[in-house]
Number of protein chains: 2
Amino acid sequence: MQKLTSQRQAILNLINASNRHWDADEVARALVDTGASIGIATVYRGLSALESQGLIDSIQLADKKRYERAGKAHHDHMICTSCGRIEEFSHDTIESLQEAAAEKKGFKLTGHQLVMFGFCRKCTQELDA
Amino acid sequence: MQKLTSQRQAILNLINASNRHWDADEVARALVDTGASIGIATVYRGLSALESQGLIDSIQLADKKRYERAGKAHHDHMICTSCGRIEEFSHDTIESLQEAAAEKKGFKLTGHQLVMFGFCRKCTQELDA
DNA sequence: AAGATAATGATAACTGTTATCATTACATCC
DNA sequence: GGATGTAATGATAACAGTTATCATTATCTT
Ligand SMILES: [Mn+2]
Ligand SMILES: [Mn+2]
Ligand SMILES: [Zn+2]
Ligand SMILES: [Zn+2]
């Protein structure tokens with residue numbers, strides 16, 4: 001991929017302008033809502049092109065892939081199964097212990113994904129009330 | 001679910017008899033190969049019924065769900081992206097640091113999944129050779 | 001043995017995603 | 001500026017994994 005078309009520019013701007021974790025459909029709808037014209041296939045291709053340029057990041061959740069802006073330091077995710085809120089966190093010790101665990105098994109790591117599920121503070125309070 | 005049918009028994013026996021991580025299709029084919037007659041829908045229903053009984057465990061990978069026998073202690077997974085090998089590991093400190101990270105964000109954890117990707121020892125050697 | 005209920009299996013339907021392919025937009029060279 | 005090669009677009013088909021539908025069958029309880 002070489003051409004940074006107006007569609008891909010629009011996708012990139014949208015994602016860069018927020019801290020959300022977008023799925024392909026949300027991106028498409030948000031762009032169409034601003035009056036842009038973009039096909040869903042173009043969104044999928046654009047997202048994966050932008051990701052392989054390193055311009056955006058992604059996490060693969062159970063059902064679908066979600067994209068977020070790049071440039072933040074590495075982090076993992078905590079997902080509220082009640083309201084869908086996605087919280088980011090990072091923990092250097094966890095990261096290095098992962099490396100250690102891999103080494104112990106003779107694995108050469110290329111990546112990892114740690115996802116934690118539970119209830120965010122707000123949802124916990126609402127459920128307790 | 002209350003009825004332990006021959007089909008579900010067969011699924012359970014198959015999974016209990018190995019350390020593999022099975023997807024639905026593999027289970028179906030393995031059972032058909034032994035001469036059993038079982039529909040793919042029944043396999044899906046059986047797997048999820050057995051899981052909610054706690055009789056088998058699962059991990060949700062990017063593309064599909066995989067089932068393994070229950071009863072092993074909690075562990076996470078390391079996957080070789082070259083040969084598909086799935087190695088299990090557990091690390092108490094990582095587990096408790098996860099708890100700590102969640103608490104810091106006000107999250108009440110209900111579960112988590114840590115998957116590491118890379119090259120297993122064998123594949124690393126083959127690639128170096 | 002009956003009756004109630006849950007499971008089965010073939011298949012349709014659904015979701016997220018990639019492939020196809022004709023058309024369009026860019027960029028480059030003349 | 002115009003021809004030409006190349007990559008992107010968009011509508012839509014296809015695909016994988018999974019769940020839903022529904023008539024039929026098996027299992028459990030009395
Ligand atoms: Mn991490
Ligand atoms: Mn763990
Ligand atoms: Zn929440
Ligand atoms: Zn390997």
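The chains referred to below are lettered A, B, ... by the order of the sequence lines, with proteins before strands, and numbering in each begins at 1.
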| Nearest-Å distance for atom pair CG/P, residues A:Asp63 and D:dA16 | 20 Å
| query | Between A:His112 and A:His74, is the gap from one ring center to the other below 6.0 Å? | reply | yes
| message | Side chains of B:Glu87 and B:His75 only: does a donor on one sit below 3.5 Å from an acceptor on the other? | response | no
| In whole angstroms, how far is the P atom of D:dA20 from the CZ atom of B:Arg45? | 10 Å
| query | Rounded to whole angstroms, how far apart are CD on B:Gln7 and P on D:dT27? | reply | 8 Å
| note | Side-chain atoms of B:Lys3 come closest, of C:dT11, D:dA8, C:dA7, to C:dA7
| note | Testing D:dG10, D:dT18, C:dG9 for proximity to the side chain of B:Ala24, the answer is D:dT18
| task | Run through B:Gln60, B:Glu26, B:His21 and flag the one making a side-chain hydrogen bond (donor to acceptor under 3.5 Å, both in side chains) with B:Arg66. | result | B:Glu26
| request: Identify which nucleotide among C:dT8, C:dG16, D:dT9 has an atom closest to any side-chain atom of B:Thr5, counting heavy atoms from C-beta outward. | output: C:dT8
| Nearest-angstrom distance from the residue atom CD1 of B:Ile40 to C1' of D:dA16 | 12 Å
| message | Quick check on DNA chain D: between B:Ser6 and B:Ser48, whose nearest nucleotide comes earlier from the 5' end? | response | B:Ser48
| Is there a side-chain polar atom (N or O) of A:Tyr44 under 4.0 Å from OP1 or OP2 of C:dT18? | no
| said: Can a side-chain donor-acceptor contact be found between A:Glu51 and A:Ser58 if the only test is distance below 3.5 angstrom? | reply: yes
| field | Nearest-neighbour nucleotide for the A:Thr42 side chain, D:dG17, D:dG10, C:dT11 considered | value | D:dG10
| query | How close or far is atom P of C:dT17 from atom NZ of B:Lys64, stated in whole angstroms? | reply | 16 Å
| task | Measure from NZ on B:Lys65 to P on C:dG16 and round the result to the nearest Å. | result | 16 Å
| Can you tell me how far P of C:dG16 sits from CG of A:Leu47, to the nearest Å? | 14 Å
| field | Over 12 non-hydrogen atoms of neighbours within 6.0 angstrom of CD in A:Glu126 | value | yes
| Between D:dT18 atom P and B:Asp25 atom CG, what is the distance in whole Å? | 9 Å
